[in-house]
K.L.:
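Attaching a single structure in structure tokens format; questions to follow.
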Amino acid sequence: MPLFDETAAVQAFESLLAHEEKALTAASPLDTLPSIIEQKTALTEQLAALERQRDEQLDALGLPKGFVGMEQAVTGDEALTSHWQELLAAAGRARRGNNTIGVLIRSRMEYNRGALAALTMAPAKSSFYGPDGRVPGIYGL
């Protein structure tokens with residue numbers, strides 16, 4: 001059953017999210033983010049394929065697809081139930097990690113918007129120095 005592979009892939013995704021979180025809190029994340037995004041895309045595709053495989057196996061057993069079918073499939077099998085619970089726990093941690101990444105991205109974007117607004121704001125003429133280094137309007141200059 002792809003459950004074992006799926007758990008390993010979700011755990012790899014969790015690890016990658018932790019790496020992304022570190023990158024997003026670094027001063028210069030652009031060095032590492034492109035490769036992280038590439039790896040996340042590959043893992044997401046792998047997880048989707050494994051989920052489809054699991055659903056096909058559930059369907060072949062005459063069980064509903066998804067969570068409901070898995071809950072029925074693991075009933076009575078302690079080892080499979082344990083592994084299913086491990087997958088659910090890893091998926092929950094990955095979901096929380098992904099939410100943290102979203103908060104970090106929104107925070108960084110808000111900071112960048114504020115910095116850009118500060119840089120593009122027109123200063124009052126009398127309180128800022130000009131290109132020659134002098135403050136206009138002072139001492140009749």
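Bear in mind the structure is a predicted one, so any value in this text is a computation, not a measurement. Keep in mind that the numbers below use all heavy atoms, side chains included, and drop hydrogens, waters and symmetry copies.
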K.L.:
Kindly work out whether a path of hydrophobic side-chain contacts (I/L/V/M/F/W/Y, heavy atoms less than 4.5 Å apart) joins L119 to Y111.
P.N.:
no
K.L.:
Measure across Q11 and A90 and return the closest heavy-atom pair with its distance rounded to 0.1 Å.
P.N.:
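Residues Q11 and A90, closest heavy atoms: CG-CB, 4.1 Å.
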K.L.:
List the atom of A23, the atom of P29, and the distance in Å for their closest heavy-atom pair.
P.N.:
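Shortest heavy-atom contact: O-CB, 3.0 Å.
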K.L.:
Answer yes or no: is there a side-chain heavy-atom contact under 4.5 Å between M70 and L3?
P.N.:
yes
K.L.:
Side-chain contact test, heavy atoms from C-beta onward, threshold under 4.5 Å: evaluate it for L50 versus Q53 and give yes or no.
P.N.:
yes
K.L.:
Which heavy-atom pair separates L43 from A9 by the least distance, and what is that distance?
P.N.:
CD2-O, 4.0 Å
K.L.:
Is M109 reachable from L116 through a run of I, L, V, M, F, W or Y residues, each pair having side-chain heavy atoms under 4.5 Å apart?
P.N.:
no
K.L.:
Decide yes or no for K22 and I36: does some side-chain heavy atom of the first lie under 4.5 Å from some side-chain heavy atom of the second?
P.N.:
no
K.L.:
Could you give the distance from CZ (R54) to CG (L47), rounded to the nearest 0.5 Å?
P.N.:
10.0 Å
K.L.:
Hey, are the side chains of V10 and R93 touching, using non-hydrogen atoms and a 4.5 Å cut-off?
P.N.:
no
K.L.:
Could you tell me whether a side-chain N or O of S82 sits under 3.5 Å from a main-chain N or O of E78, the two making a donor and an acceptor?
P.N.:
no
K.L.:
First locate atom NE2 of H19, then atom CG of L33, and finally report the distance between them rounded to the nearest 0.5 Å.
P.N.:
8.5 Å
K.L.:
Is any side-chain heavy atom of E51 closer than 4.5 Å to a side-chain heavy atom of D55?
P.N.:
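In short, these two side chains touch, coming nearer than 4.5 Å.
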K.L.:
Mind checking the CG-CZ spacing from L88 to R95? Nearest 0.5 Å is all I need.
P.N.:
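Atom-to-atom, L88:CG and R95:CZ are 9.0 Å apart.
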K.L.:
Do the side chains of H83 and D77 get nearer than 4.5 Å, heavy atoms only?
P.N.:
no
K.L.:
Considering only heavy atoms from C-beta outward, does the side chain of R106 approach that of E110 to under 4.5 Å?
P.N.:
no
K.L.:
Linking I/L/V/M/F/W/Y whenever their side-chain heavy atoms sit closer than 4.5 Å, directly or via other members, would F67 and L80 fall into one cluster?
P.N.:
yes
K.L.:
So how far is it from I37 CD1 to L16 CG, rounded to the nearest 0.5 Å?
P.N.:
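The distance works out to 10.0 Å.
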K.L.:
Quick one: pull up CD in E6 and CH2 in W84 and give me the separation to the nearest 0.5 Å.
P.N.:
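Nearest 0.5 Å value for the CD-CH2 distance: 7.0 Å.
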K.L.:
Work out which heavy atom in A73 is nearest to a heavy atom in L63; give both atom names and the distance.
P.N.:
CB-CD1, 3.7 Å
K.L.:
Would you give the length of the straight line joining atom CD1 of I105 to atom CZ of R108, rounded to the nearest 0.5 angstrom?
P.N.:
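Nearest 0.5 Å value for the CD1-CZ distance: 9.5 Å.
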K.L.:
If I compare all heavy atoms of V74 with all of T81, which pair ends up nearest, and what's the gap?
P.N.:
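Between these two residues, the closest heavy atoms are O-OG1, 2.8 Å.
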